[in-house]
Amino acid sequence: TSLNEIVEAVNLTTDRKQVTSLILKVAIESTGADNGSLMLLDPIENVLKVEVALGIPPEAIPNIRCKLGEGIAGKVALEGKPLLLSGKADDSTFKILREREEIKSALCVPLTINGSTVGVLNLNNLKSIDGFTSEDLSFISKLAAFDAEILIKSQEYEILKENAQTFVIWKELNQILSSQATIEERLSRVCKTISGHFQESICSIYLFDRNTKELTLKASNLKNFTTSDHYRILLNEGIDGWAAREQEVVILREYPSLDARAKKAFMSIPLVSEGQITGVMNIQLISPRGIAEDEESLLREIGRNLSETVKSAQKEDSATLRATKMEAINEAGINILSIIDLDKLMELIPPSAAMIMDADGCILRLLEKDQGMKIRSTYSMWEEEIRDKIIELDKEISSEAEQKKGPVHIRDLREKKGYERFGRVVKSVIALPIMGDGMVQGVLSIYDKIPKGSFHATSFGDEDLEIFKKFVLYVE
């Protein structure tokens, strides 16, 4: 009758919690036990944890864990042999973790499948040392063998359900990544989709800027996140910086978990395409499962697909931006060539260069007889104090460009020997000599790249240098 009851329940539900609760209930009622628990083996931590319990305070359940070989349950799980215990357990035999004076007798039976233990069934009698008989042990052993088969089936169902959920999330992510939305919009939707799959989680995505060598936070499901925050980290900063630099996944788990209902986990996944870092995706979560192996594999695969999408989008954006700037340079070049008045020409060059190159400011110097390089025109929104410092910097930069008869390109003044003192007011600079008859006739310099839609300075890259050279050809 007891077995029939379990079979009927299994036919009605595939929920593991309901099945294990009924298994324990039948075991207690059949043997007259006062309380008991059904423990399952956590394959990640390799410890027994209480799945369901009767007669045990609910608040105590999450903290009960048992290593294989320790305690009565641990010894039974390790050896795979059922145990009938009458009277107090011998500490030297069982490595008792905590004394339970109220227990007079106990039954502990392993749940095994193909020789592997998946859990144990514990029953306690609080009244008599003869509370259980050998017949009880035989029955519960048979029940445990039957229960183990049922547990495997419920676990198979859970895996099937997880696979279905994985298929759904993959389908949704593929639609997002293949859409025509901007890369920022796609990344934002990816974060929301992942956080929807992992309850109580935060997903954030950084993209790598090759010019500044920084990771910039581009998307997150944080409540008040906006792309204008411009949170940045270097490749040697923090866990995400390390993961990007080393191109290795980092997983941090709370071990052992202090609260089984709230396992903490953190995963940082570098986005790598063609051997080059394109960004980092990280996930922080608190859940009863933490990050399971199948979920870890899913996140790694998402990272690989995301890497290719980011790389492709960056190539497209770069090509579009270059084409736009080249078109603007050609248009400005026609205007420059059509101006005969030198003073008007001087006024036009700096603002044209600054707007085309997304520069915060531009300074034009020309060589004057017996006076050296003199400023002829500027364009900027600099405050007076900052302007004075940049004029001082420009004097040194233009002198270097004149002596080299070639470009001066500094990505980050804070890291450039001799220019560190200017790193607080300017991040990046490109200066090009204006040549004529094989001689340096002047220098045109641009300071701090501020991309459209941004309020923060970034660095001029190699592509910026090549585009700026094209502009200077028209100036010459």
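Residues take their numbers from the sequence shown, with the count starting at 1. Side chains are part of it too, since the values below use all heavy atoms of this structure and drop only hydrogens, waters and symmetry mates. Computed from a predicted structure; not experimentally measured.
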Does a salt bridge link [X] with [Y], judged by any charged N lying under 4.0 Å from a carboxylate O?
X    : Y    : answer
E296 : R300 : yes
D464 : R411 : no
E308 : R304 : no
E214 : R232 : yes

Might you point out which heavy atoms bring [X] and [Y] nearest each other, and give the distance in Å?
X    : Y    : value
S380 : G361 : CB-CA, 4.0 Å
L137 : P82  : CD1-CB, 3.8 Å
F460 : M357 : CE2-O, 3.7 Å
P110 : V76  : CD-CG1, 3.5 Å
L123 : F132 : O-CE1, 3.7 Å
L235 : A244 : CD2-CB, 3.8 Å

**Item:** Check against salt bridge (charged side-chain N to carboxylate O under 4.0 Å, His left out), D358 and K325
**Value:** CA-CA 10 Å; D358 293 328; K325 286 191 174 184; 3.6 Å; yes

For [Y], is there any backbone N or O sitting under 3.5 Å from a side-chain donor or acceptor partner on [X]?
X    : Y    : result
S307 : V272 : yes
S179 : I176 : yes
S201 : Q284 : no
S86  : I129 : yes
T309 : N305 : yes
S30  : V26  : yes
K470 : I467 : no
S138 : S134 : no

Find the distance between [atom1] ([X]) and [atom2] ([Y]) and round it off to the nearest 0.5 Å.
X    : Y    : atom1 : atom2 : answer
L215 : L234 : CG    : CG    : 8.5 Å
D136 : I140 : CG    : CD1   : 7.0 Å
E246 : I277 : CD    : CD1   : 10.5 Å
F139 : T133 : CZ    : OG1   : 11.5 Å
M267 : L285 : CE    : CG    : 10.5 Å
E420 : R414 : CD    : CZ    : 12.0 Å

Does some side-chain heavy atom of [Y] sit less than 4.5 Å from a side-chain heavy atom of [X]?
X    : Y    : value
V47  : C66  : no
L393 : Y447 : yes
K427 : L413 : no
N282 : I269 : no
L299 : I283 : yes
Y419 : V429 : no
L40  : L48  : no
V109 : V120 : no

**Message:** Applying side-chain contact (heavy atoms from CB on, under 4.5 Å) to L217 and F225, what does each step give before you reach the verdict?
**Reply:** CA-CA 10 Å; L217 185 59; F225 171 77; 3.5 Å; yes

**Message:** Applying side chain to side chain donor-acceptor pair (under 3.5 Å) to D240 and S268, what does each step give before you reach the verdict?
**Reply:** CA-CA 6 Å; D240 289 319; S268 182; 2.6 Å; yes

More than 12 heavy atoms of other residues, nucleotides or ligands under 6.0 Å from [atom1] of [X]: is that the case?
X    : atom1 : result
K192 : NZ    : no
R387 : CZ    : no
Q247 : CD    : yes
K469 : NZ    : yes
K416 : NZ    : no

**Message:** salt bridge (charged side-chain N to carboxylate O under 4.0 Å, His left out), that's the test. Do E79 and K75 meet it? Break it down for me.
**Reply:** CA-CA 6 Å; E79 296 180 356; K75 184 176 176 62; 2.7 Å; yes

So, [X] and [Y]: side-chain donor and acceptor under 3.5 Å apart, yes or no?
X    : Y    : result
S459 : S428 : no
N122 : S37  : yes
K311 : Q276 : yes

**Message:** Quick one, S220 with S204, criterion side chain to side chain donor-acceptor pair (under 3.5 Å). Give me CA distance, side-chain angles, the key distance, then yes/no.
**Reply:** CA-CA 4 Å; S220 178; S204 302; 3.1 Å; yes

**Partners meeting side-chain hydrogen bond (donor to acceptor under 3.5 Å, both in side chains) with D448 (sequence neighbours left out)** =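 Counting only residues at least two positions away or on another chain, D448 forms no side-chain hydrogen bond (donor to acceptor under 3.5 Å, both in side chains).
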
**Item:** Derivation of the salt bridge (charged side-chain N to carboxylate O under 4.0 Å, His left out) call for K25 and E29
**Value:** CA-CA 6 Å; K25 177 174 175 286; E29 290 177 352; 3.3 Å; yes

**Prompt:** Does the pair T112 and V118 meet the rule for a side-chain contact (heavy atoms from CB on, under 4.5 Å), with working shown?
**Reply:** CA-CA 6 Å; T112 57; V118 295; over 6 Å; no

**Request:** Evaluate the criterion side-chain contact (heavy atoms from CB on, under 4.5 Å) for residue pair N35 and L54; output intermediate values, then yes/no.
**Result:** CA-CA 5 Å; N35 61 38; L54 289 173; 5.5 Å; no

**Asked** Under the side-chain contact (heavy atoms from CB on, under 4.5 Å) criterion, do C191 and M281 qualify, and how do the steps go?
**Response** CA-CA 9 Å; C191 287; M281 176 176 74; over 6 Å; no

